[in-house]
There are 2 protein chains.
Amino acid sequence: MSEQAALYVERWNNAPEGPSSDCPVRGVLDKISDKWSMLLVMTLASGPKRFNQLRREVSDISQKMLTQTLRDLQRDGMVARRVYDTKPPSVEYRLTPLGESIIVPFGHLIEWAGHNHPQIGAARAVFDGTN
Amino acid sequence: MSEQAALYVERWNNAPEGPSSDCPVRGVLDKISDKWSMLLVMTLASGPKRFNQLRREVSDISQKMLTQTLRDLQRDGMVARRVYDTKPPSVEYRLTPLGESIIVPFGHLIEWAGHNHPQIGAARAVFDGTN
DNA sequence: CCGGATCCCCCATGATACTG
DNA sequence: CAGTATCATGGGGGATCCGG
């Protein structure tokens, strides 16, 4: 393992309260592992968007989950919601600085996924063929 | 947004097949968002472990999900399983090089979480108080 | 000690319909 | 356009028993 990785492991295992279930880091990670949160953050990363615009861009999200996920992101301070008093009304969502700040670490994960998904596919083929 | 972040966004939106539901990157990310996968990877990051040892360290995982998650990780080539023909039998799990390679990008996310969870907590308090 | 098999519950998600 | 309200469902995951 690289030294950098070892550092992360040590920090993880010595995190406040340890890696137990009430560890605040695990609380944040649970949100990251939400089905739609990061997808919406990455979609908003290219600029502010309106409700139905998001719905079109993330075409397989239901209206309910879009509303719900946006509210959660707003509650966590990742997304700002602004209502324009036009007619018909329009609502714009944009990333806050906090929301933008997660793009970089999440981007590393995307890069890893892009780089390694062929290996994972190969491993699966071997595993499924062997058993 | 930082230039680095903008780069990630561009790559994401120009990913193979785009950010659609059958994008291979989303397939990998779905695994990352699994409830237990990354927790086990980080636990195994500090060295090979036996089954019940993992069970003790991740105390709130059920036996069923531990078995299931380890099998999925093995299938994806992230974890290697080795059986020692002792009596009683013992089984050791360890990260493969592929498994170790995800520690760094995932570590960035943990660092982000550790650094920003106070802000998130504060944002929630404001939101819950305002509404 | 390491798990496979089974039962079952419940909540996240989806579908649909309605409102300001 | 941007949601809310309500109902249906399915599979993730816990509890438990069993076997090698």
Engineer: So B:Leu70 and B:Leu54, do their side chains get closer than 4.5 Å, heavy atoms only?
Structural biologist: yes

Engineer: Can you list everything that forms a side chain to side chain contact (heavy atoms under 4.5 Å, CB included) with B:Lys64? Sequence neighbours excluded, please.
Structural biologist: B:Ser62, B:Gln68

Engineer: How close or far is atom C1' of C:dG4 from atom CZ of B:Arg71, stated in whole angstroms?
Structural biologist: 10 Å

Engineer: Rounded to whole Å, please give me the gap between CZ in A:Phe51 and C1' in D:dC1.
Structural biologist: 9 Å

Engineer: Quick one: A:Leu54 CG to D:dA2 P, roughly how many Å, whole number?
Structural biologist: 9 Å

Engineer: Examine D:dC1: is either OP1 or OP2 under 4.0 Å from a nitrogen or oxygen in the side chain of A:Arg50? Give yes or no.
Structural biologist: no

Engineer: Would you mind building the protein contact string for nucleotides 7-20 of chain C? One character per nucleotide, 5' to 3', B for base within reach (heavy atoms under 4.0 Å), S for sugar-phosphate only, - for untouched.
Structural biologist: B-----BBB-B--B

Engineer: I need the minimum non-hydrogen distance between A:Ala45 and A:Ile103, along with the two atoms involved.
Structural biologist: CB-CD1, 3.4 Å

Engineer: Going by side chain to side chain contact (heavy atoms under 4.5 Å, CB included), name the residues that satisfy it together with A:Pro97, two or more places apart in sequence or in a different chain.
Structural biologist: none

Engineer: Scan A:Arg81 against the nucleic acid and name what it touches under 4.0 Å (heavy atoms): base, sugar-phosphate only, or nothing.
Structural biologist: sugar-phosphate

Engineer: Without decimals, in angstroms, what is the distance between B:Tyr84 OH and C:dG3 P?
Structural biologist: 13 Å

Engineer: Take atom CZ of A:Arg55 and atom P of D:dG3, then tell me their distance rounded to the nearest Å.
Structural biologist: 11 Å

Engineer: Could I get the full list of side chain to side chain contact (heavy atoms under 4.5 Å, CB included) partners for B:Lys31, not counting sequence neighbours?
Structural biologist: A:Arg124, B:Asp72, B:Asp76

Engineer: Grab the CG-P distance between A:Asp30 and D:dG12 for me, whole Å please.
Structural biologist: 17 Å

Engineer: Could you give the CG-to-P distance, from B:Asp72 to D:dG13, as a whole number of Å?
Structural biologist: 11 Å

Engineer: Output the rounded distance in Å from CG (A:Leu66) to P (D:dA2).
Structural biologist: 10 Å

Engineer: Under 3.5 Å, which donor-acceptor pairs link side chains of residues 80-91 of chain A to any protein atom two or more places apart or in another chain?
Structural biologist:
| unit_1 | atom_1 | unit_2 | atom_2 | d |
| --- | --- | --- | --- | --- |
| A:Arg81 | NE | A:Tyr93 | OH | 3.3 |
| A:Thr86 | OG1 | A:Pro88 | O | 2.8 |

Engineer: If you look only at pairs with a residue in residues 45-55 of chain A, which of them pass as a salt bridge (charged side-chain N to carboxylate O under 4.0 Å, His left out), with sequence neighbours excluded?
Structural biologist: A:Lys49-A:Glu57

Engineer: Report yes if at least one side-chain N or O of A:Tyr93 is closer than 4.0 Å to OP1 or OP2 of D:dC1; otherwise report no.
Structural biologist: no

